[in-house]
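Atom set for the values below is all heavy atoms of this structure, side chains included, hydrogens, waters and symmetry mates excluded.
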Amino acid sequence: MPPLTKQPFFDLAEDVAIQGYNESHEVVYWNLASERLYGYTRQEALGQTLENLIIPDSMRAQVRSEIDAWLANGVPPLGGFLKLNKKDRSLVEVHSSHIFTRNEDGSVTMYCIDLVAEQATSLPSVFSAERKLNE
């Protein structure tokens with residue numbers, strides 16, 4: 001699990017879906033907004049891999065490669081607009097951004113912060129400068 005100091009802060013983001021993944025790509029954090037957005041409860045999501053949970057088949061190799069590059073040489077995956085799977089396998093378009101933290105035990109956690117595309121497009125133009133994936 002991520003350090004306890006982050007969880008209460010992330011839980012305050014009621015309308016922003018935040019997920020945490022460990023170095024094995026497994027879910028270690030899943031907030032209530034993620035439950036509403038993707039349809040999986042926290043209990044269903046914890047321990048599942050990112051790729052098997054919300055990444056469409058056509059994007060899995062790219063996502064694995066980007067996360068592995070981050071782990072190997074600190075190059076984080078770019079944020080951008082993505083179409084991701086919901087529990088019912090319908091797609092939802094989100095803007096996904098990433099935060100990386102080093103935990104007290106030396107492990108790292110990648111947090112994804114996902115906004116529904118309509119929410120993201122109403123924010124400042126910084127989002128329009130990022131690449132658009134999975135069009």
Side-chain angles (χ1 to χ4, degrees):
M1 293 295 288
L4 294 177
T5 56
K6 292 181 184 70
Q7 287 183 1
F9 172 76
F10 287 158
D11 285 340
L12 292 175
E14 295 176 3
D15 297 324
V16 179
I18 301 173
Q19 312 89 49
Y21 303 97
N22 66 17
E23 296 167 1
S24 298
H25 307 202
E26 298 167 331
V27 176
V28 295
Y29 180 78
W30 191 265
N31 72 353
L32 289 174
S34 295
E35 289 186 14
R36 288 191 301 272
L37 180 60
Y38 294 111
Y40 292 98
T41 66
R42 183 180 309 221
Q43 293 76 21
E44 291 172 316
L46 290 175
Q48 299 293 319
T49 63
L50 164 66
E51 296 89 350
N52 290 334
L53 200 61
I54 61 174
I55 303 299
D57 292 340
S58 63
M59 293 175 51
R60 286 184 182 169
Q62 176 186 354
V63 168
R64 276 189 208 105
S65 175
E66 288 186 9
I67 293 173
D68 290 343
W70 156 61
L71 292 170
N73 46 21
V75 178
L78 292 175
F81 288 92
L82 304 167
K83 292 180 182 173
L84 301 177
N85 286 336
K86 296 172 75 168
K87 182 178 180 179
D88 66 6
R89 289 307 188 218
S90 64
L91 295 175
V92 59
E93 187 171 10
V94 300
H95 186 280
S96 189
S97 298
H98 310 102
I99 296 172
F100 302 89
T101 63
R102 183 159 306 281
N103 303 315
E104 292 176 10
D105 64 1
S107 65
V108 290
T109 303
M110 176 180 76
Y111 290 96
C112 294
I113 302 167
D114 296 340
L115 294 173
V116 175
E118 293 82 34
Q119 290 174 309
T121 55
S122 67
L123 295 175
S125 62
V126 66
F127 291 107
S128 64
E130 297 188 65
R131 71 180 174 162
K132 190 167 185 171
L133 300 176
N134 193 30
E135 293 185 25

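Separating the CG atom in L32 from the OG1 atom in T41 is a distance of 10.5 Å, to the nearest 0.5 Å. Atom NE2 in H25 sits 8.0 Å away from atom CG in L50 (nearest 0.5 Å). Rounding to the nearest 0.5 angstrom, the gap separating the CG atom in L84 from the CD atom in E93 is 9.5 Å. Between Y111 atom OH and T101 atom OG1 the span is 4.5 Å, to the nearest 0.5 Å.
Side-chain atoms of Q62 never come within 3.5 Å of backbone atoms of M59 as a donor-acceptor pair (strictly under, hydrogens ignored). A donor-acceptor pair under 3.5 Å is formed between the side chain of N31 and the backbone N or O of V16. Using modelled atom types, no side-chain atom of S96 and backbone atom of D114 make a donor-acceptor pair closer than 3.5 Å.
Taking all atoms of both residues into account, the shortest heavy-atom contact from C112 to H98 is SG-CD2, 3.5 Å. Closest non-hydrogen pair, A17 versus L37, comes out as CB-CD2, 3.8 Å. A pairwise comparison of heavy atoms in L53 and A45 identifies CD2-CB, 3.8 Å as the closest pair. Of all non-hydrogen atoms in L46 and Y29, the two that sit nearest each other are CD2-N, 3.9 Å. The two residues N52 and R89 come nearest to each other via the heavy atoms O-NH2, 3.3 Å. For T109 against N103, the heavy-atom pair with the smallest separation is OG1-ND2, 2.9 Å.
Under the side chain to side chain contact (heavy atoms under 4.5 Å, CB included) criterion, S24 pairs with N22, E26, sequence neighbours left out. Partners of R64 according to the salt bridge (charged side-chain N to carboxylate O under 4.0 Å, His left out) rule, which considers only residues two or more places apart in sequence or in another chain, do not exist here. Under the side chain to side chain donor-acceptor pair (under 3.5 Å) criterion, E23 pairs with no residue at all, not counting sequence neighbours. For D105, the side chain to side chain donor-acceptor pair (under 3.5 Å) partners at least two apart in sequence or on another chain are S107. Shown here are the side chain to side chain donor-acceptor pair (under 3.5 Å) partners of E35, two or more places apart in sequence or in another chain: there are none.
The closest side-chain donor-acceptor pair between D68 and S65, if any, does not fall under 3.5 angstrom.
Within the structure, ring-ring contact (aromatic ring centres under 6.0 Å, His included) pairs that include any residue of residues 45-74 comprise W70-F100 (at least two apart or interchain).
Taking the side chain as every heavy atom from C-beta outward, Y21 and V27 approach each other to under 4.5 Å.
Using cut-offs of 30° and 60° for the angle between ring planes, the Y40 and W30 rings count as perpendicular.
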